[in-house]
Amino acid sequence: MTADELIALARAHRAATPCTRCQSLVCKGWESVPGGFDLSRLSRVGTLRDPQADDPTLDEYHPAGTGAWSADAPIALGWFPYNRCDVWQCSACARPFLRYTEVGGYYTDERIRELQAHLVVQPPT
């Protein structure tokens, strides 16, 4: 998906509060998917992965000094972890999210972040 498509998707969801199906996802910044959350409540609607990139960068984009877990960190297309994300929506209210799987030496962690239009940026890679 492009930056324009992401922004349009985020702006299309205008509900002031999440519906009962996705209200447990409190994730303005990256969070681990809560234990017990039924991921089948979300529908995949796109990807931010570049099919031409076999080994996408692990570099992050934080020009204002934010960190990966910051609620105001930019959603920087082409940069980690967004270059490994798929785009999802709540199947009931269409609230949009980004998801990726963090893989470490001895663990995997499914991470999720709510898509917010004002944070989407397309910096040079």
Side-chain angles (χ1 to χ4, degrees):
M1 295 183 80
T2 67
D4 289 340
E5 290 169 328
L6 280 180
I7 291 167
L9 182 68
R11 288 183 177 158
H13 181 263
R14 302 249 186 241
T17 57
C19 74
T20 57
R21 291 181 58 101
C22 69
Q23 69 186 3
S24 65
L25 298 176
V26 181
C27 48
K28 296 295 184 191
W30 286 110
E31 301 284 340
S32 295
V33 173
F37 181 80
D38 181 2
L39 288 172
S40 70
R41 295 177 181 182
L42 304 178
S43 300
R44 186 177 175 276
V45 295
T47 189
L48 301 181
R49 301 167 191 259
D50 178 353
Q52 305 299 319
D54 291 331
D55 188 22
T57 185
L58 292 173
D59 291 337
E60 296 181 19
Y61 182 78
H62 297 284
T66 57
W69 299 94
S70 300
D72 59 344
I75 297 172
L77 304 187
W79 295 76
F80 183 80
Y82 306 97
N83 57 3
R84 298 164 190 255
C85 284
D86 290 320
V87 183
W88 298 76
Q89 286 183 307
C90 174
S91 57
C93 72
R95 182 176 164 213
F97 299 94
L98 302 172
R99 283 179 41 201
Y100 81 101
T101 302
E102 179 71 28
V103 179
Y106 298 99
Y107 71 93
T108 60
D109 186 20
E110 187 74 24
R111 297 194 177 157
I112 192 163
R113 182 178 186 186
E114 185 176 359
L115 177 58
Q116 299 173 72
H118 71 283
L119 295 175
V120 175
V121 296
Q122 180 81 59
T125 53

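The structure displayed is predicted, hence computed values, not measured ones.
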Check whether [X] reaches the backbone of [Y] with its side chain - one donor and one acceptor, N or O, closer than 3.5 Å.
| X | Y | result |
| --- | --- | --- |
| R21 | C90 | no |
| R44 | W88 | no |
| N83 | T57 | yes |
| S70 | D72 | no |
| T47 | V87 | no |
| Q116 | K28 | yes |

**Message:** Quick check for you: to the nearest 0.5 Å, what is the distance between Q122 atom CD and L6 atom CG?
**Reply:**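 Going from the CD atom of Q122 to the CG atom of L6 covers 9.0 Å.
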**Asked** Would you call R111-E31 a salt bridge at under 4.0 Å N-O?
**Response** no
**Asked** So does R99 pair up with D86, basic N to acidic O under 4.0 Å?
**Response** no
Between [X] and [Y], is there shared hydrophobic-cluster membership here, with clusters defined by ILVMFWY side-chain heavy atoms closer than 4.5 Å?
| X | Y | answer |
| --- | --- | --- |
| W69 | L115 | yes |
| F80 | Y61 | no |
| L98 | L58 | yes |
| Y100 | V45 | yes |
| V121 | W79 | yes |

Indicate the atoms forming the closest heavy-atom contact of [X] with [Y], along with that distance.
| X | Y | result |
| --- | --- | --- |
| S40 | S91 | O-OG, 4.5 Å |
| S32 | D109 | OG-OD2, 2.7 Å |
| E60 | A68 | OE1-CB, 3.5 Å |
| R11 | A117 | CG-CB, 3.8 Å |
| M1 | G46 | SD-CA, 3.9 Å |

**Request:** State, yes or no, whether a side-chain contact exists between P74 and P63 at a heavy-atom distance under 4.5 Å.
**Result:**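 A side-chain contact under 4.5 Å exists here.
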**Message:** Does any part of the side chain of Q89, heavy atoms only, come nearer than 4.5 Å to the side chain of L9, both counted from C-beta?
**Reply:**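 They are in side-chain contact.
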**Asked** Between E102 and Y107, does a side-chain contact (heavy atoms from CB on, under 4.5 Å) hold up when you go through it step by step?
**Response** CA-CA 8 Å; E102 179 71 28; Y107 71 93; 3.8 Å; yes
**Derivation and outcome, side chain to side chain donor-acceptor pair (under 3.5 Å), residues T101 and E110** = CA-CA 5 Å; T101 302; E110 187 74 24; 2.9 Å; yes
**Asked** So is R41 actually on top of F37's ring, under 6.0 Å and inside 45° of the axis?
**Response** yes
**Asked** Does the pair Y82 and R113 meet the rule for a side chain to side chain donor-acceptor pair (under 3.5 Å), with working shown?
**Response** CA-CA 10 Å; Y82 306 97; R113 182 178 186 186; 2.5 Å; yes
**Request:** List the steps and the verdict of side-chain contact (heavy atoms from CB on, under 4.5 Å) for L25 and R95.
**Result:** CA-CA 10 Å; L25 298 176; R95 182 176 164 213; 4.2 Å; yes
**Prompt:** Have T2 and D4 got a donor and an acceptor in their side chains that come within less than 3.5 Å?
**Reply:** no
